[in-house]
Amino acid sequence: MPVTPTIQGREYWLSLEQLTNSPEFEARMQDEFQHYDPDLISSMSRRKFMKLMAGSMALAGLTLSGCRRYPEEKIAPFSRQPDGRIPGKTIPYATSYEIGGVSQGVLATSYDGRPIKIEGNALHPFSLGATDSIAQASVLELYDPERSRMVIKRAVGRAGDEITKSTWEAFGEFSAKEMSSLKAAQGEGLAILSEATSSITTAAAKAKLLAAYPKAQWFEYEPISGDNIGEGAKLAFGKALRPQLHLAKAKIIASFNSDLFGQHPAKLKHARDWATGRKTADEGEMNRLYVAESRYSVTGGVADERMGIRPSRVEPVLTAIAAKLGVTGVVAPAAPVNGSGRGISEPNERENRFVDLLVADLKREGGNSVIVVGHMHAPAVHALAFRINAKLGAIGNTITFTQPQSEPRESHLASIQALTALLNDGSKVSTLVILGGNPVYDAPADLKFGEAIKRAKKTIHLSLYANETSQLCEWSLPRAHYLESWGDGRAWDGTISITQPLILPLYDGKTIAEVLAFLADGKWTDGYELIRGAMASVLPKDQFEKAWRRSLHDGVVQGSAAAPVPVTTLSGKPQDSEFPSLLGRGRGGSIKLPNVAHLSAVDPTLPQPLPEREGSTNLATSSNSAAATNSEIDARPTSLELVFFASELHDGRFANNGWLQELPDPMTKLTWDNAALISKADADAHSIRTGDLITIAVGIQKLDIVAYIMPGQPRGVIALSLGYGRTSAGHIGIGVGFNTYTLRTTKGLDHATGATIKNTGNRYALAMTQDHHIIDTVGFKGREQRVGEKGESGTIIKEASLAEFKKNKSFATKDEHGNIHLQLFDPPQWAASEDGHAWGMAIDMGSCIGCNACTIACQAENNIPIVGKDQVLVNREMHWLRLDRYFKGSIEDEEPQIVHQPMMCSHCENAPCEQVCPVAATVHDTEGLNTMVYNRCIGTRYCSNNCPYKVRRFNYFDFHAKDPRGSNYPAPWLDMPDTQQRESIDPIKQMVYNPDVTVRMRGVMEKCTYCTQRIQGAKIARSIKGEEIQDGDVVTACQSVCPTQAITFGDLNDKNSKVRRAHDNNRAYSVLGELNTRPRTKYLAKVRNPAE
Amino acid sequence: MTSIPHQPADLPKLHGEVDNTFDDPRERSPLVVGTHDFDSVTQTVCSIVERKTPRAWWIAFFIASPLAFAFVLQIGYLVTTGIGLWGNNNPVSWAFDIVNFVFWVGIGHAGTLISAILFLFRQNWRTSINRFAEAMTIFAVICAGTFPAIHVGRPWLAYWLLPYPNQMEMWPQFRSPLLWDVFAVGTYATVSALFWYIGMIPDLATLRDRATGRIRKIAYGLLALGWNGSSRSWLRFEKAYLLLAGLATPLVLSVHSVVSFDFATSQLPGWHTTIFPPYFVAGAVFGGFAMVLTLAIPARQFFGLKDFITMRHLENMTKIILATGMIVSYAYAVEFFTAWYSGHSYEQFTFMNRPLGPYWWAFWIMFICNVVSPQLFWFKKCRQNLWVIMTVAMFINVGMWFERFVIVVTSLNRDFLPSSWGMYIPTWVDLGMLAGSFGLFFTLFLLFCRFLPMVAMAEVKTVMPQSHVHAHDEHHKADFHGDSHHASPAASAATKPTDEESKKGGSQP
């Protein structure tokens, strides 16, 4: 209420304003404390708070992220929230990534604009909802702060010396100059080496470039390639075709060194199809898998009949099979010529047994069988296998052929050889553009590509990392990660898979297609424009937008799979050629096959094959060259064969990925290293123990590598995994393991002969997650009793043959104790009421292949840290889900069996861990979850001691903050321990964390939660709609990636749920159930289908 | 003060010492030898504290205290870095931390056993050794208590083990044996400390009265709580002492029983066994007496206490060691028998794994030290040879540490699933902290020797013949009622009893 001063007496005025009594004056008089701002003194007003916060956020953002490109930078707040977008709610996007020219479909989960998890794309024909470990680990790669972060320019010829940070603009200027001079020469001197890609966007950009520079030369190289398969098809059918396996239809599957489920590009589909034929075990019918292989692979691990075999013996064995099946023109290998051991073309006893069993089965099943040969084998071996398949009538049923979508090309080996020759020719290459790949590291050692590359005048390398090749290139350009890129690729059957970005490139990377397009026309075209342009040729013109949106949504262009090509085996006499069929040679009897295709020379630069020699076995000695000349070496008693195979790091490109480095090899359980896998017999012959450093020599190549005695490794073969021993990979990957590429030559790319080994006498520490130490007699006996003898049940592994299973359906529970549930004290039945949920899991060991996908899916989902080799050496690995691998049979046994048992928290109803925790940090919830309250845990570790499954994991250090390759003893942290992670982990790395899962600090126990966050998510999603949760709503991380769907999860109170049915299955048993722990996870006993 | 000759002239000599270990049915062996009267007892014991610090003490102290300091530093390192500094790992989640804890708790047994149980059983020979045995107990419990507190992953939250009102409204989880441990060890430490202190009050008063320096006067004065030696004081003192002895006695049995529950209530083969409580108690007494001997023999040598800690004491202790050693051996055997008899394959495996598995050496060290070495004490010659006693005591100290190592580590390293088997290898921090805990123990013990009365003077005087002079004084000789029915500590140097008092020393109720 305004107060008008009533003036009494004489008026004194102080100012004119007062005299006039102006409104301003009035107002000012009202305001007793003119500069008093109640907001300022009493409390922060909402507006002021917002102002200050906005200001400080902006400043903080500017100062902190000034040197780093956060994705937030370009994200503007939505002025209008898009439909359906809820902050904090994850959204899956379909995308795909490409390895070796084969695209894998995935769903990337985006959380507020950052991808945090990869799932399988159920719509993709080669994902079917599953993924592999590499896909799971790719998010870690995305957020790797050591990725190539900027354009780098190196002083020519003095690589590694003068490195200057540069920009895309600077590169643009350089390339404009360079390309214009090349243009004048029509591209003469321009060579492009690309990694294999099936992208039509890239193909379009490539076409554009080659049109502008017609004399430019294009090369393509992948260290691990299936070229031999296509060549084999060419031999058999006259066309380079790609075989498509339909294993679901196959009753008999025979694999010769083909790791169908472990490393084949179509492994996910293969595994799923194979599992389809395993799960019928309950109905008394199963497929049968024969595996003859030169190293124990994932596929061999689940084989019903497995035989370790020298790679050079594969062809004789296949020939024997072909002869027995009556494949036209194939005659069984003759008996040894002189019994001196050189006549090894005759299958030996073990091989004969294998052949006889297989042939009997093949004859019975005919077209419902399939024979597959691994890519290491020469084209002729593939051709033979195709011919056997044809004879069986399998073609069109269990195996079909498609035309590879890319244009015909020379093999990768030939390509890199040609490029090297061109480079070595001096001035032939003025500009070398390397798109992806790492040929300096992974090209055949005898090419000395690292030397050759220096002869190119200008070198440009587009790469995700500054790898060995980048170090020798003038320009290294950062490549965009697939999660940052627009692109596409073709799946194994040709289905076009779309790659869409979920985040702007963190480090300003570009895709191969973008760089190609830039080189072609000198200006940057957005990847989005490029792919839409390329897709215009694929999608219907009239409904392009609709079809595009559909494809983008699905991640695949529906119906784009290549149609099966009808094939007929070639017949006719092989012409007299410079390249005779391998089948005709070395047979002692020297029988020529009448209807083997004429072999076109794969590589004219190779030496002419030697004249035939009686009893020599120079068969299939090299993968890409069909002939080899080292049979003399082969005959020496110490001579060994080498096989090379991809590791968990694939060809080495994932070397800086800590998740993959620490992922135990499915067979050796080795982390952070690769080893030379050697048989017990060979090891004894050279007095080698596991952990000894040995020297392997083949030709002039030599390598010191650690030995690992692998049960089931065939005699005379050493298996070497690729991808280790990187010298320029980043902090994680440098110097891990041994670079086996140094033994890999053009003559023995995937398989080399004539190797010798020598024990150096030095020891090397191998970090295995199982069998850390040599098992003594007592331990061995104890293990055997628990695991069981070959083909039999132990106390923790239950297994039977199909025949036994049919006789005794309840073999898995036959020696269980009586009703242990009758106790004096009966603990409460958790969630016993029918209306509550009782979460449970079932794991079918019959279909688990031990592929590791679940382990790493769990790691990605649950923010599980890696610990580093030193910590694995002291058994501190943190994987919540481990794959227990047990051998069955003694170490001397040439054919031990392997069984994989995924092991994670069983959520015991009567949990031993809960009873002993002094602070109630691990407790049961009403739905039967054994929950772990991290912030209550003080870390007594008593729960772990009392856990019979030893599935609890303890943070001995702050493993998230600890450098996995740093000291065994990290530096003390003198601040509040709770803040260590926030303050010491690279902010980019922090982005990979799943926000739904706590990042555990040091000193707390952790373990599998049954993905409790996913359970809650599913419940919330249902409750929003006012619905009850349905079976299948909750999918755990491990379950969702499993290629064979071996894991089932759900509500045990729901009588119709899958998991309940699995628990009621005859094969279901509780591991260590006799301890009355009442685990919620049950295992379905393994049923093998041996031939006898 | 009347000096009564009480040394039987015919006592034999043994290695230059008086042999009071014989049992002559005609008379009791003396508990204190030499020509001691009350005054000389006071003089002997107090002079240790009052005279100049001997060089040997300094040498010992300069060995022990840096170790103790290193222990503190290592704890700091551990807390700021994480317990990954130890070799503990996934199957072997407990290792040196808990081994050391159980070891030290075990050592802490003998003191209270000697002071409380032997007190209640009127084993008066205990008086000479009970003081420092109790001190040893307290210090051992301090060492023991350190380990559980720092062995947790987040030691700054270890107080969550205590039941205290909090904003989380959380109680500890009462089903957990670790929680019982907290109570058992906490109670034991408290009662032992009280018992030790209360028993020391009259002697502290003596020191106070004899003190020359001001600081000493004040310090001992505060500690003596105004003791004036009046009958009222003695009356209260005796009641309190008796009550505490009664209270401490069950604790002796309970504390290690409860510690053994940590293992016994779990379901791990090798841990899950009902024999553990008595086995652990026997083992603790066994190990505790060995440690008393380890301390007593040098102490009596250096501080001239041979007259009080006589050969008879030593021999009695070796007999207890022999008896408890046999119990422990029996327990070992029964464990194996039970494993076989149970038909439990995992249990059987564990017991095969102990002597033959990767930690076979630990088992055999334990076996030789704990089962074989005490057998020497069947022979009187060995019981009377200080070198033999000392050596066997050392063996037992080692053996008892390894017993805990065998129980903890070899059970954990190979349990149910072979996939999770793993070896434990100690790191330098593990070894350093074991050494550090010994450093702490000996530092505290040396300080005790230097500043507190090592022998319970007041109590020793009660078992001297002078206390038992009958009023009629008919016997010329004192009777050597070692098990005096007069429960009164009749003498205190602080209030030197008059002849009369001393003569009717036993007349108090």
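For clarity, every value in this text was computed on a predicted model and none was experimentally measured. Just so we're on the same page: letters track the sequence lines, and every chain starts at 1.
To the nearest 0.5 Å, the span separating CG on B:N90 from CZ on A:R882 amounts to 7.5 Å. If you take CZ on A:R936 and CH2 on B:W160, they are separated by 6.0 Å, rounding to the nearest 0.5 Å. Put simply, OG1 on B:T80 and CG on A:D975 are 11.5 Å apart, with the number rounded to the nearest 0.5 Å. A distance of 7.0 Å separates CG of A:D884 from OG of B:S420, quoted to the nearest 0.5 Å.
Contact record, A:I938 with B:A158: CD1-CA, 4.4 Å, taken as the closest heavy-atom pair. What you find for A:Y969 and B:V429 is that their closest heavy atoms are CE2-CG2, 4.4 Å. In this structure, A:F954 and B:G153 approach most closely via the heavy-atom pair CZ-CA, 3.6 Å. Counting all heavy atoms, side chain and backbone alike, B:G422 lies closest to A:N875 at CA-ND2, 3.0 Å. Residues A:F957 and B:T81 come closest through the heavy atom pair CD2-O, 3.4 Å. Residue A:T940 comes nearest to B:L178 through the heavy atom pair CB-CD1, 3.5 Å, listed as atom of the first residue, atom of the second, then distance.
Taking chain A as the reference chain and counting heavy-atom pairs below 4.5 Å, the highest number among B:L412, B:D181, B:T265, B:N88 is found for B:N88. The candidate from B:W94, B:Y77, B:W86 with the greatest count of non-hydrogen atom pairs under 4.5 Å with chain A is B:W94. Contact count versus chain B (heavy atoms, under 4.5 Å) is highest, among A:M903, A:Q871, A:M1001, for A:M1001. Considering only heavy-atom pairs separated by less than 4.5 Å from chain B, the leading option among A:P912, A:G779, A:S944 is A:G779. Here B:S176 is the residue among B:S176, B:P91, B:G82 with the most heavy-atom pairs under 4.5 Å with chain A. With chain B as the partner, the residue from A:N945, A:T777, A:V778 showing the most heavy-atom pairs under 4.5 Å is A:N945. If you tally non-hydrogen atom pairs under 4.5 Å between each of B:D415, B:T427, B:L268 and chain A, the highest count goes to B:D415. Among the candidates B:W180, B:Y424, B:W156, the residue making the largest number of heavy-atom pairs closer than 4.5 Å to chain A is B:W156. When A:C917, A:G1003, A:P918 are compared by the number of non-hydrogen pairs under 4.5 Å with chain B, A:P918 comes out ahead.
For B:W271, the part lying under 4.5 angstrom from a heavy atom of chain A is the side chain only. When heavy atoms are compared at a cutoff of 4.5 Å, A:P948 approaches chain B by way of both its backbone and its side chain. Within the 4.5 angstrom heavy-atom criterion, atoms from both the backbone and the side chain of B:Y346 approach chain A. Of the atoms belonging to A:A921, not a single heavy atom falls under 4.5 Å from chain B. Heavy atoms of A:V1071 lying under 4.5 Å from chain B belong exclusively to its side chain. Proximity to chain A is limited to the backbone of B:F263, based on heavy atoms less than 4.5 angstrom apart. With a 4.5 Å cut-off on non-hydrogen atoms, B:V79 touches chain A through its backbone but not through its side chain. For A:Q915, the parts lying under 4.5 angstrom from a heavy atom of chain B are both the backbone and the side chain.
With A:R1002 contributing its side chain and B:I83 its backbone, the two residues share no donor-acceptor pair below 3.5 Å. The backbone N or O of B:L417 lies less than 3.5 Å from no partner atom in the side chain of A:Y949, so there is not a single donor-acceptor pair. Counting only distance, with no hydrogens or angles, the side chain of B:R154 and the backbone of A:V1004 share no donor-acceptor pair below 3.5 Å. Side chain of B:Q173 to main chain of A:E914: a donor-acceptor pair is present (N/O by atom type, distance under 3.5 Å, no hydrogens or angles). For the pair B:Q267 (side chain) and A:L1075 (backbone), a donor-acceptor distance under 3.5 Å is absent.
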**Request:** In sequence, state the C-alpha distance, the side-chain angles, and the governing distance for B:W421 and A:Q770, and then conclude on side-chain contact (heavy atoms from CB on, under 4.5 Å).
**Result:** CA-CA 7 Å; B:W421 290 356; A:Q770 223 181 302; over 6 Å; no
**Request:** Let me see the working for A:V874 and B:I425 under side-chain contact (heavy atoms from CB on, under 4.5 Å), right down to the final yes or no.
**Result:** CA-CA 8 Å; A:V874 286; B:I425 297 154; over 6 Å; no
**Asked** Stepwise, does the side-chain contact (heavy atoms from CB on, under 4.5 Å) test hold for B:D97 with A:R941?
**Response** CA-CA 12 Å; B:D97 45 354; A:R941 309 184 296 293; 2.6 Å; yes
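Looking at heavy atoms from C-beta onward, A:K950 lies out of side-chain contact with B:F416 at the 4.5 angstrom threshold. Side-chain contact check for B:L356 versus A:K781: every heavy-atom pair is 4.5 Å or farther apart. Between A:Y942 and B:D262 the shortest side-chain heavy-atom distance falls below 4.5 Å.
Within 6.0 Å of CZ on B:F336 lie more than 12 heavy atoms contributed by other residues, nucleotides or ligands. Heavy atoms of other residues, nucleotides or ligands lying less than 6.0 angstrom from CZ of A:F780 number more than 12. Annotation: A:H960, atom NE2; neighbour count of heavy atoms from other residues, nucleotides and ligands within 6.0 Å is above 12. The number of heavy-atom neighbours closer than 6.0 Å to CE of A:M976, taken from other residues, nucleotides and ligands shown, is 12 or below.
For the residue pair B:S419 / A:Y886, a side-chain donor-acceptor distance below 3.5 Å is found, with atom types taken as modelled.
The cationic group of A:R786 lies under 6.0 Å from the six-membered ring centre of B:F349 and within 45° of the ring axis, placing it in a cation-pi geometry.
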